Amino acid sequence: MKILVIGGGGREHAVAKSLMKNVAVEKIWVAPGNGGTAAFCENVDVAATDLKGILNFCLEHNPDFVVVTPDDPLALGMVDLLEENGFPCFGPTRAAAQLEWSKGFAKQFMEKYNIPTAKCVLCKDAKEAKAYAKECPIPIVLKADGLAQGKGVVIAMTREEAVAAQAQLSYGKNDQAILFEEMLVGPEVSVLCFTDGKTIVPMPAAQDHKRAYDGDKGPNTGGMGAYSPVSVYTKEMAERCMEEIYLPTIRGMEAEGTPFKGVLYFSLMLTQDGPKVIEYNSRFGDPETQVVLPLLNSDLFDIMVAVRNGKLDRARVKFSDACSACVVLASGGYPSAYEKGKPITGLEEAENHGTIYHAGTKRLDDGSYVTSGGRVLCVSSTGRSLRQALRKSYKGIEAIKFEGAFYRKDIGSKDASLSKED
Ligand code: AMP
Ligand code: GLY
């Protein structure tokens, strides 16, 4: 079996590593990959969004299976294109991925199928949004419609902030649709689920840490660390989410004629009125994947093939009941401007404490690594308790050095399980 994985972050490193455990997998290409995947896969110098380039690569090299993980190629219809050309893929079609790439579609879908979410008003252009910003209830959450890489959300606590946020999110584009949403309050969890369009199997819940600095301060990032499972997401809560959110979502997508196959990631807020959807993502999360896949006790490749073939009900999908945590090490200045090309040391020592998933790294010919991105790598560890998993991940992170490196020191620190003894 030869597999092509599309993407180049820590998430793709974790997916490729998990796929490699299957003895039938002889080779994995990763396009474009990173320093970590270069060590055991073959990186392909084609961008994840280059549909034509990826198709040409497939026609030339004939992969048996293609895994499409990032949001933008999914939104561009990468899965549709490759499947039409005879290449079996893991990932949703462009129409199904709309749950992520159009917040407007997702909102209307949730309303139609009675799926709990924040109340909202959709303004179809800048003019309408500008007028509504002057009279909307406060506080309010503003979102730009379309893929925004986590940067398209502003929480406005005052009227002035709402007006300023509207101007910022419209980017001077008159046709930019803006959503105004009720502000929800409560703990946030990410639940990634395998689904073949009929059967849905949730993975253990994870919590991401999106802000750059400790105490949830600083700008939003792609995610600075995660842990799993999450105490507030109890068994009862999981059952409730299955009935009120997960099953209605996949049944609704089937009823729309656009069944969702792949990983559907529910970003949930557990409010006093029950769980509500903040947003859907049509893919694995990053860094959630780096904490959830290490807990998977079944074979990822078999699951992916079952999802593609509509046979998830017959697949074995089991997770360990251990705890998992990862901490991201980022380049100084991230998520704003940062320097690249800094030599990285201490990776061998860190391997004693956990698994290193690379993101923004480059492997040099002599086998050493330099930085090449904002989120450089993460160390992910498992343990009997969250405290133990965190301790190992932090030991790993402390061993790794490069100029300007920084990380959050409070990953997982709010979880209730930490108040108990190990
Ligand atoms: P998103 O890019 O949609 O994941 O949103 C980024 C962050 O904004 C989320 O992780 C939430 O913390 C916050 N957020 C989004 N929508 C709401 C909402 N309706 N109420 C409160 N917080 C929200
Ligand atoms: N962890 C956030 C995301 O993958 O979108």
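Because the structure is a prediction, the values reported are computed rather than measured. Positions are given from 1, in the same order as the sequence printed here. Note that ligands are numbered from 1 as they come in the structure, with each ligand's atoms numbered from 1 the same way.
- Any N or O atom pair closer than 3.5 Å counts here, and Asp286 shares at least one such pair with ligand 2.
- Heavy-atom contacts of Lys143 reach the following atoms of ligand 1: 3 (O), 15 (C), 16 (N) (cutoff under 4.0 Å).
- One finds no salt bridge joining Lys2 and Glu42 here, because no Lys/Arg side-chain nitrogen approaches an Asp/Glu carboxylate oxygen to under 4.0 Å.
- Between Lys107 and Glu181, at least one side-chain N (NZ, or NE/NH1/NH2) sits under 4.0 Å from a carboxylate O, which counts as a salt bridge.
- Under a 4.0 angstrom heavy-atom cut-off, Tyr265 registers as being in contact with ligand 2.
- You'll find the ring centres of Tyr265 and Tyr280 outside the 6.0 Å limit.
- A cation-pi arrangement, defined by a distance under 6.0 Å to the six-membered ring centre and an angle within 45 degrees of its axis, is absent between Lys134 and Tyr132.
- For the residue pair Phe194 and Leu312, the shortest heavy atom distance occurs at O-CD2, 3.5 Å.
- Within ligand 2, the atoms closer than 4.0 Å to a non-hydrogen atom of Arg283 are 3 (C), 4 (O), 5 (O), numbered from 1 in the order shown.
- Residue Ile278 holds the heavy atom nearest to atom 15 (C) of ligand 1 of all those in Thr271, Ile278, Leu184.
- If you look at Glu182 next to ligand 1, the close heavy atoms, those under 4.0 Å, all belong to the backbone.
- Within the 4.0 Å heavy-atom criterion, the part of Glu181 lying near ligand 1 is the side chain and not the backbone.
- Atom CD of Glu182 has more than 12 heavy atoms from other residues, nucleotides or ligands within 6.0 Å.
- In terms of polar-atom proximity, Lys210 is counted as a contact of ligand 1, with an N or O under 3.5 Å from an N or O of the ligand.
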For Met253 and Tyr113, run side-chain contact (heavy atoms from CB on, under 4.5 Å): C-alpha distance rounded to whole Å, both residues' side-chain angles, the deciding distance at 0.1 Å, then the answer. CA-CA 10 Å; Met253 288 303 278; Tyr113 293 97; over 6 Å; no
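- Checked by distance only, ligand 2 and Glu288 come closer than 3.5 Å through their nitrogen or oxygen atoms.
- Taking every non-hydrogen atom of Met183 and a distance limit under 4.0 Å, the qualifying atoms of ligand 1 come out as 20 (N), 21 (C).
- Interface atoms of ligand 1 facing Val141, defined by a heavy-atom separation under 4.0 Å, are 16 (N), 17 (C), 18 (C), 19 (N), 20 (N).
- If you number the atoms of ligand 2 from 1 as listed, the ones under 4.0 Å from a heavy atom of Asp208 come out as 1 (N), 2 (C).
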Under the criterion side-chain contact (heavy atoms from CB on, under 4.5 Å), I'd like the reasoning laid out for Met203 against Glu288: C-alpha separation, chi angles, the key distance, then a yes or no. CA-CA 10 Å; Met203 305 180 214; Glu288 288 92 335; over 6 Å; no
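- Atoms of ligand 1 lying under 4.0 Å from any heavy atom of Ile155, numbered from 1 in the order shown and given with element: 22 (N).
- A salt bridge links Asp410 with Arg408: the closest approach of a Lys/Arg side-chain nitrogen to an acidic carboxylate oxygen falls below 4.0 angstrom.
- Close approach to Lys103 involves these atoms of ligand 1, each under 4.0 Å from a residue heavy atom: 3 (O).
- Below 4.0 Å from some heavy atom of Gly285 lie the following atoms of ligand 2, by number and element: 4 (O).
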Working for side chain to side chain donor-acceptor pair (under 3.5 Å), residues Asp415 and Ser231: CA-CA 6 Å; Asp415 196 89; Ser231 297; 2.4 Å; yes
